[in-house]
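The residues of the chain are indexed from 1 along the displayed sequence. Just the heavy atoms: all of them, side chains too, but no hydrogens, waters or symmetry mates, feed the values below.
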Amino acid sequence: MRTSSTLLKSAAIASMLGLTLAACGEDNGDNGEEPDDADVEDTDTDTDDDADEDADADADDADEDGDEDGEAAGDGGTVTLGIIPSWTDGLSLAYLWEAILEDEGYEVEIEEINDAAPLYTGVANGDIHVYPSAWPEVTHADYMEQYGDDLEDLGAYYEGAVLTLAVPEYTEIDSLEELADNADMFNGQVVGIEPGSGHMGVTADSVFPEYGLDDEFTLADSSTAAMLTELDNAINAEEDIVVTLWRPFWAYGEWDLKDLEDPEGALGEPETLNFIANSEFSSDFPEVADWMGEFELTDDEYAELEDLVVNEYEDDPEAGARAWMDNNSDLIEEIMD
């Protein structure tokens, strides 16, 4: 299925990039060649001032060569981005920023984590520098409170993200208020995602009690990939199913779905998607922190990015990110200025 094909070999990609970049830096700026004046014999007509000027010029040339090769070798440093691969908002942003930062002389590693809890732990303790698509205001608010001073919010890149419970378009209910009286339609089950995700906590702690679902439904832990497989199977069989989803997410373009109305607001208000970093990140990588803080996406820009990375280039996500960069070069140039 499409989502499982996005569980990409990022470690291998990072390793290959590291080997390539290291190879580019082997010459230390002189490429094994002698300086242009190495074969020029000193004569008594050279003055001490001339020799000093020549030495200064050679030193300047060496510095310039060293700077160029250092940038090519990723001497901006190594930035580690943490993602949950099946959460394609973070996956798309990670591969985009891998491409952006590599063009600016950084080496990038993408660390795949299976759940939100260890991902936030990794950012808080510095093993991961940035989670590039966090939901800090509602969905991940508990993690933001838990780790507090160990995290830094670099800014929001997207406005209006929401948690949803969704059903196929043909399902004959429209609101969360109708679920309790129609449990048999769904075999008494809401199909969920990773147990440590914020969505599962909000659904269990807020949605279920608010709409009286505790006695009629179970919230089934699984994974995003498994949930989407069940959704696909149900729709192919024209069966009813209710699943935990969110917007923005490419699934809404893949299947005809509708969000169940939430008149009590149990799923929370719309929130932003943010770059959440380790507390030392701005000090260690100030220009990267500034670039991320300037980055914003509209609905159309986000939809194009996720479609290219997840769908059109599912076997080569970096190529999808670079295709998006080619189509949106003005946006990239603006944040880098």
Side-chain angles (χ1 to χ4, degrees), residues 3 84-90 113-120 131 133-146 160-169 171-235 239-252 254-255 257-274:
T3 300
I84 299 170
S86 58
W87 297 5
T88 51
D89 52 334
I113 307 294
N114 290 327
D115 205 352
L119 176 51
Y120 273 91
Y131 178 17
S133 190
W135 298 55
E137 296 176 332
V138 179
T139 308
H140 297 158
D142 288 347
Y143 295 121
M144 296 298 295
E145 181 177 357
Q146 177 180 353
V162 291
L163 301 179
T164 66
L165 289 186
V167 297
E169 185 64 42
T171 295
E172 294 182 358
I173 68 167
D174 299 303
S175 172
L176 293 173
E177 292 180 312
E178 301 175 75
L179 275 177
D181 292 333
N182 292 279
D184 290 345
M185 290 175 60
F186 307 100
N187 296 316
Q189 179 175 260
V190 174
V191 181
I193 54 173
E194 292 78 5
S197 69
H199 198 330
M200 294 293 281
V202 169
T203 301
D205 299 336
S206 180
V207 175
F208 267 47
E210 183 64 46
Y211 292 101
L213 304 182
D214 288 309
D215 293 335
E216 305 295 334
F217 279 86
T218 59
L219 177 59
D221 294 344
S222 61
S223 67
T224 301
M227 176 271 291
L228 291 173
T229 296
E230 291 200 39
L231 176 63
D232 185 55
N233 290 341
I235 289 176
E239 297 173 349
D240 294 308
I241 187 172
V242 56
V243 297
T244 55
L245 284 182
W246 55 92
R247 293 178 182 269
F249 189 33
W250 64 265
Y252 284 96
E254 183 72 10
W255 296 282
L257 302 168
K258 63 180 175 181
D259 298 335
L260 294 177
E261 297 171 5
D262 178 19
E264 301 302 324
L267 285 164
E269 295 297 319
E271 57 184 310
T272 59
L273 301 183
N274 294 42

*May I ask you to check whether Ser86 and Glu194 show a side-chain donor-acceptor distance below 3.5 Å?*
yes

*His199 and Trp246 aromatic ring geometry - parallel, tilted or perpendicular at 30°/60° bounds*: perpendicular

*About how many Å separate OH of Tyr211 and CG of Leu165, when rounded to the nearest 0.5 Å?*
9.5 Å

_Let me confirm one number: the CG-CD distance from Leu273 to Glu137, rounded to the nearest 0.5 Å._
9.0 Å

_Run the salt bridge (charged side-chain N to carboxylate O under 4.0 Å, His left out) test against Asp259 and tell me which residues pass, sequence neighbours left out._
Arg247

_With sequence neighbours excluded, residues passing salt bridge (charged side-chain N to carboxylate O under 4.0 Å, His left out) with Asp214_ = none

_Flag side-chain contact, heavy atom, 4.5 Å: Asp142 against Tyr120_ = no

*Considering only heavy atoms from C-beta outward, does the side chain of Trp255 approach that of Glu169 to under 4.5 Å?*
no

For [X], which residues count as a side-chain hydrogen bond (donor to acceptor under 3.5 Å, both in side chains) partner, sequence neighbours excluded?
{"X": "Ser206", "result": "none"}
{"X": "Ser223", "result": "none"}
{"X": "Tyr143", "result": "none"}

*Passes side-chain contact (heavy atoms from CB on, under 4.5 Å), Val243 versus Leu257? Steps please.*
CA-CA 10 Å; Val243 297; Leu257 302 168; 5.9 Å; no

*Can you name the one residue among Leu213, Leu176, Leu179 that meets side chain to side chain contact (heavy atoms under 4.5 Å, CB included) with Phe208?*
Leu213

Tell me whether [X] contacts the main-chain N or O of [Y] through its side chain, where contact means a donor paired with an acceptor under 3.5 Å.
{"X": "Glu178", "Y": "Asp174", "result": "yes"}
{"X": "Thr164", "Y": "Ala166", "result": "no"}
{"X": "Thr171", "Y": "Asp240", "result": "no"}

_side-chain contact (heavy atoms from CB on, under 4.5 Å) between Asn233 and Glu239, worked out_ = CA-CA 8 Å; Asn233 290 341; Glu239 297 173 349; over 6 Å; no

What are the two closest non-hydrogen atoms of [X] and [Y], and how far apart are they?
{"X": "Gln189", "Y": "Phe217", "answer": "N-CD2, 3.4 Å"}
{"X": "Leu260", "Y": "Ile173", "answer": "CD2-O, 3.8 Å"}
{"X": "Gly268", "Y": "Asp262", "answer": "N-OD2, 4.4 Å"}
{"X": "Pro195", "Y": "Ser222", "answer": "CD-O, 3.9 Å"}
{"X": "Val202", "Y": "Leu267", "answer": "CG1-CA, 4.0 Å"}
{"X": "Ala116", "Y": "His140", "answer": "CB-NE2, 4.3 Å"}

*Qualifying salt bridge (charged side-chain N to carboxylate O under 4.0 Å, His left out) pairs with a residue from residues 264-273, counting only residues at least two apart or across chains*: none

_What verdict does the side-chain contact (heavy atoms from CB on, under 4.5 Å) test give for Leu163 and Thr244, after you've listed the backbone C-alpha separation in whole Å, the side-chain angles of each residue and the deciding distance to 0.1 Å?_
CA-CA 8 Å; Leu163 301 179; Thr244 55; over 6 Å; no

